[in-house]
**Q** 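Quick one: this structure, given as structure tokens, is what I'll be asking you about.
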There are 2 protein chains.
Amino acid sequence: MSLRHALLAVLSADPMTGYDLVKYFDGTVAFVWSAPHSQVYPELRRMEQAGLIEATTVPRGERATKREYSLTREGERELHRWASEVHPPPPLRNVDRLKAAHFEWGTYESIKRQLREHLNHWSAQRRQWRQLVGDLESGEVPLLRRRLERLPPEQHEAVVAFRAFAFQGQIARADAEIAWAKRGLALVEQLEASGATIAGELAEAQPADGARAQRTGVAGATA
Amino acid sequence: MSLRHALLAVLSADPMTGYDLVKYFDGTVAFVWSAPHSQVYPELRRMEQAGLIEATTVPRGERATKREYSLTREGERELHRWASEVHPPPPLRNVDRLKAAHFEWGTYESIKRQLREHLNHWSAQRRQWRQLVGDLESGEVPLLRRRLERLPPEQHEAVVAFRAFAFQGQIARADAEIAWAKRGLALVEQLEASGATIAGELAEAQPADGARAQRTGVAGATA
DNA sequence: GTAGTCATGTAAGAGGTTACATGATTAG
DNA sequence: CTAATCATGTAACCTCTTACATGACTAC
């Protein structure tokens, strides 16, 4: 349950409402972890029940109130535990790679479209992460600033370094994905130029009978 | 629902039983997609209902039988559709990065242990993927061989190239993760050497009062 | 006979997505 | 007054994990 720890980590910078947290999980925190509000609110209630956080009801305007959550001592201990434990790596599930392994079922055009999307997506992500690393290092990230305010100056260096380190990992990942997509585009162009055929291309050309011809052709070869 | 398409993709090489499929999803296919048998069997039933695959009951031994699944025309069409569509990128959720961003809560020792694990894990994965790419290119992968048997020779080149391309993506990812972990280890050692303190280290040293001292210290600074 | 493999399920629960739903407050 | 934002939920549904469960077949 990493959502729980992501919430604890953000709350360690500053007490805030569920709404504030949701904004972070749509914004900068979503750079490593994302969650919709329908997941955040119930989880906060459960964490409160578990004694990891506590809520104070704060008035807003005339009639309305909001609930502001802050870490308890127990919540801090949980963060310590989590940050120190070695967790088994999660099972691999990569749709992009799964699809790429079976691109033979697509057409050259559709494959190129997908690889270009891949390239655009990771390029955009990369830009965001680079921006964030810059902002972290120049002290322009409010959440980090508030976290540092609660810590003695001799700890600041490490905190900033770890935050930047995490996002540099994302940048490295993006670099790998970008290079991969480019390599894929080159591969497709090379295959196209060499006149290599693929199943998807044929099926596209002759929707019904193309598939049949292919199948019987195979049956003939097998028999 | 990528499990469905992963199953379709494997079945496109050869008709086989749920048990066979489960083995692939623990073996080579798990290199990009993994699933336990408790997920595979029900999904196969649903796919059969949906007309994407069909089962023939094959006897084994005296009394027992097994169900062998093969793609239907509709299943092939679904594979085509899936392979041609652009899918929105899945939301980011990376526990390792989330943790790294908050390593301040750990101790130098626990951080190093985790980074070393990360390094070992991705190095091992990398070795497997490299082995697989080699085997794919030298025609030693049974599943690929059976897939190629159903296709005219002029399509072989592209099929092999796409398979290898997918796993090269995994290798590139592994390279990025390995470099990241090494960078992290260097960072920790540098911080340690420079005498920088982190919260987790202090909490470890003085479990109860360390945290309090820190907190009141902060309150004092803020007030 | 017995251990290992082949073969196929069910079920409870956690985590996540999408949609539905509501009402107060604030800025224009 | 009206639109945007603040604020907080519930519910149905899907995917995945973990555990429980069963029985036939094969090699020794």
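The chains referred to below are lettered A, B, ... by the order of the sequence lines, with proteins before strands, and numbering in each begins at 1.
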**Q** Of A/Glu62 and B/Thr65, whose nearest nucleotide on DNA chain C comes first from the 5' end?
**A** B/Thr65
**Q** Measure the acute angle between the ring planes of B/His5 and B/Trp82, then classify it against the limits of 30° and 60° as parallel, tilted or perpendicular.
**A** parallel
**Q** Check the distance between C/dT25's C1' and A/Arg60's CZ and give it to me in whole angstrom.
**A** 6 Å
**Q** So A/Tyr41 and A/His37, would you call those rings parallel, tilted or perpendicular, with 30° and 60° as cut-offs?
**A** perpendicular
**Q** Counting primed atoms plus P, OP1 and OP2 as sugar-phosphate and everything else as base, spell out the protein contacts along nucleotides 9-14 of chain D at 4.0 Å heavy-atom distance: B, S or - for each nucleotide, 5' to 3'.
**A** BBB---
**Q** Tell me, do B/Arg93 and A/Ser2 make a side-chain contact under 4.5 Å, heavy atoms counted?
**A** no
**Q** Walk me through whether B/Ser123 and B/Asn120 qualify under side chain to side chain donor-acceptor pair (under 3.5 Å).
**A** CA-CA 5 Å; B/Ser123 300; B/Asn120 289 341; 5.6 Å; no
**Q** Taking atom P of D/dT15 as reference, at what distance in whole Å does atom CH2 of B/Trp33 sit?
**A** 10 Å
**Q** Atom CZ of B/Arg46 to atom P of D/dT15: distance rounded to whole Å?
**A** 7 Å
**Q** Given C/dT18, C/dA7, C/dA24, identify the nucleotide with an atom nearest to the side chain of B/Thr17.
**A** C/dA7
**Q** Between A/Glu43 and A/Ala64, name the one whose nearest nucleotide on DNA chain C is closer to the 5' end.
**A** A/Glu43
**Q** Which of parallel (below 30°), tilted (30 to 60°) and perpendicular (above 60°) describes B/Phe165 and A/Trp180?
**A** parallel
**Q** Using a heavy-atom cut-off of 4.0 Å across all strands, would you classify A/Arg93 as base, sugar-phosphate, or nothing?
**A** sugar-phosphate
**Q** Among the candidates C/dG16, D/dC16, D/dA24, find the nucleotide nearest to the side-chain atoms of B/Leu3.
**A** D/dC16
**Q** How close or far is atom P of D/dC16 from atom CZ of B/Arg4, stated in whole angstroms?
**A** 12 Å
**Q** Rounded off to whole Å, could you give me the CZ-to-P distance for the B/Arg63 and C/dT8 pair?
**A** 17 Å
